[in-house]
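The structure appears below as structure tokens.
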Amino acid sequence: MPRLRTVILVTLACLALAWWLAHPRLPRPAAAGLPPACPLPPQTRPGEPPLQTDVPSELRLPALGQARLTALAGFSVVARVLGREDYRFGHEAEFSPTDLALGWGRMADPAMLARLTIRQGGRWYHYRWQGTPPIPPDEIVRSSANMHIIPADAGVAQALARVRPEQTIQVDGWLVRIDDANGWRWVSSLRRDDSGNGACELVYACRITLL
């Protein structure tokens, strides 16, 4: 009987852990008393490349707990979801629970993507091919990116939770820098042609739309 009780307790603990890992946590709420400061930037259209725009001088994004959020550029992208990876551990996960690998242009073509192997991990996005690359490697760099998504509110977090690979989505928000009280900093890339360390976009998402 004690052995059966132990087996039951271990099984319940495993089920609870599996549920916890399958449900990424929401970001910290904005500081109390501040307005919902996530106005939409100018938006791109389906078939067009990502749109990066200037930040209005009056824009102030809300704090995330004790961290300061600074908008670096407006950002809008319509893209195919190449992959998603959820994170629960590490300081970054307190702000961005999910990375989306996104592709546009020929990196949204299913026939071309079938010739690539894509994976994510450690806040990185990786791709490889066999033989000749399906498109020039520099075009892959310019037409895809790994994006750290910071949902602006619970509604955006719910939309993010529904995003799956092979869907087409639109993300509208702001490329940002995060500075916390301990001097830690996380900064978005502001280019679409970079790769390697520091090349990911850090997106404060005001809206995520499934197309």
Side-chain angles (χ1 to χ4, degrees), residues 21 23-44 50-77 79 81 83-102 120-126 144-161 163 169-209:
L21 291 173
H23 293 76
R25 62 185 171 188
L26 299 181
R28 297 176 180 179
L34 289 178
C38 197
L40 292 171
Q43 283 109 64
T44 190
L51 178 62
Q52 184 171 306
T53 52
D54 293 336
V55 178
S57 59
E58 69 276 8
L59 179 65
R60 297 293 182 271
L61 297 180
L64 297 177
Q66 298 299 310
R68 185 172 73 254
L69 201 59
T70 303
L72 304 177
F75 187 69
S76 177
V77 59
V81 181
R84 71 170 287 155
E85 187 75 13
D86 296 318
Y87 295 92
R88 282 192 171 275
F89 305 106
H91 196 30
E92 294 87 349
E94 297 180 26
F95 307 99
S96 171
T98 299
D99 281 5
L100 297 178
L102 299 180
Q120 291 168 277
R123 294 288 181 176
W124 290 74
Y125 148 60
H126 306 273
S144 65
N146 187 59
M147 303 196 183
H148 313 307
I149 306 297
I150 306 170
D153 55 39
V156 179
Q158 291 169 3
L160 177 60
V163 172
I169 66 170
Q170 180 162 345
V171 180
D172 301 302
W174 303 90
L175 301 179
V176 298
R177 183 181 75 235
I178 300 174
D179 296 273
D180 75 5
N182 297 318
W184 177 86
R185 175 177 289 185
W186 200 11
V187 185
S188 176
S189 168
L190 296 176
R191 297 170 52 183
R192 308 290 88 76
D193 61 352
D194 52 356
S195 62
N197 191 31
C200 296
E201 283 71 15
L202 180 58
V203 186
Y204 186 64
C206 302
R207 182 172 66 188
I208 295 176
T209 308

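Both backbone and side-chain heavy atoms feed into the values below; hydrogens, waters and symmetry mates do not. No experiment lies behind these values; they were computed from the predicted model shown.
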Open item on the list: Does Thr70 form a side-chain contact (heavy atoms from CB on, under 4.5 Å) with Val55? I'd like the steps, not just the answer.
Closed with: CA-CA 10 Å; Thr70 303; Val55 178; over 6 Å; no
Task: Shortest non-hydrogen contact from Gln120 toward Gly83 - done: OE1-C, 2.8 Å
Task: Qualifying residues under side chain to side chain donor-acceptor pair (under 3.5 Å), relative to Asp180, sequence neighbours excluded - done: His91
Open item on the list: Glu85: which residues meet the side chain to side chain donor-acceptor pair (under 3.5 Å) condition with it, sequence neighbours left out?
Closed with: none
Task: Donor-acceptor under 3.5 Å (Trp174 side chain, Cys38 main chain) - done: no
TODO: Check whether any side-chain heavy atom of Tyr87 lies under 4.5 Å from a side-chain heavy atom of Glu92, and answer yes or no.
DONE: no
Task: Nearest heavy atoms of Arg84 and Leu100, plus distance in Å - done: CB-CD2, 3.6 Å
TODO: Please report the shortest heavy-atom distance between Ala71 and Val176, naming the atom on each side.
DONE: CA-CG1, 4.1 Å
- [ ] Could you tell me the separation between the CD1 atom of Ile169 and the CZ atom of Arg207, rounded to the nearest 0.5 Å?
- [x] 12.5 Å
Task: Non-hydrogen atoms of Ala101 and Tyr125 that approach each other most closely - done: CB-CD1, 3.8 Å
TODO: Compare every heavy atom of Gly198 with every heavy atom of Ser189, then report the nearest pair and how far apart it is.
DONE: CB-O, 3.4 Å
Task: For the student: nearest non-hydrogen atoms of Pro62 and Tyr204, plus distance - done: CG-OH, 3.4 Å
TODO: Start with the C-alpha gap between Val77 and Val203, add the side-chain angles, then the distance that decides, and say whether side-chain contact (heavy atoms from CB on, under 4.5 Å) holds.
DONE: CA-CA 11 Å; Val77 59; Val203 186; over 6 Å; no
Task: Ser96 side chain reached by Arg123 side chain, heavy atoms, under 4.5 Å - done: yes
Task: Option among Ile178, Leu69, Leu175 that satisfies the side chain to side chain contact (heavy atoms under 4.5 Å, CB included) test with Leu202 - done: Ile178
Open item on the list: Using only atom types and a distance under 3.5 Å, with no angle test, would you say the side chain of Gln43 pairs donor to acceptor with the backbone of Asp172?
Closed with: no
- [ ] Taking side chain to side chain donor-acceptor pair (under 3.5 Å) as the test, write out the residues that go with Arg68, two or more places apart.
- [x] none
- [ ] Return yes when atom CG of Asp54 has more than 12 non-hydrogen atoms of other residues, nucleotides or ligands closer than 6.0 Å, and no otherwise.
- [x] no
Open item on the list: Is the shortest side-chain heavy-atom distance between Arg192 and Glu201 below 4.5 Å?
Closed with: yes
Task: Value rounded to 0.5 Å, distance of SG in Cys200 from CG in Asp194 - done: 8.5 Å
Task: Pairwise distance CH2(Trp184) to CG(Asp179) - rounded to 0.5 angstrom - done: 9.0 Å
Open item on the list: Any side-chain to backbone donor/acceptor pair from Thr98 onto Ile149? Under 3.5 Å, distance only.
Closed with: no
Task: Distance (rounded to the nearest 0.5 Å) between Ser188 OG and Arg177 CZ - done: 11.5 Å
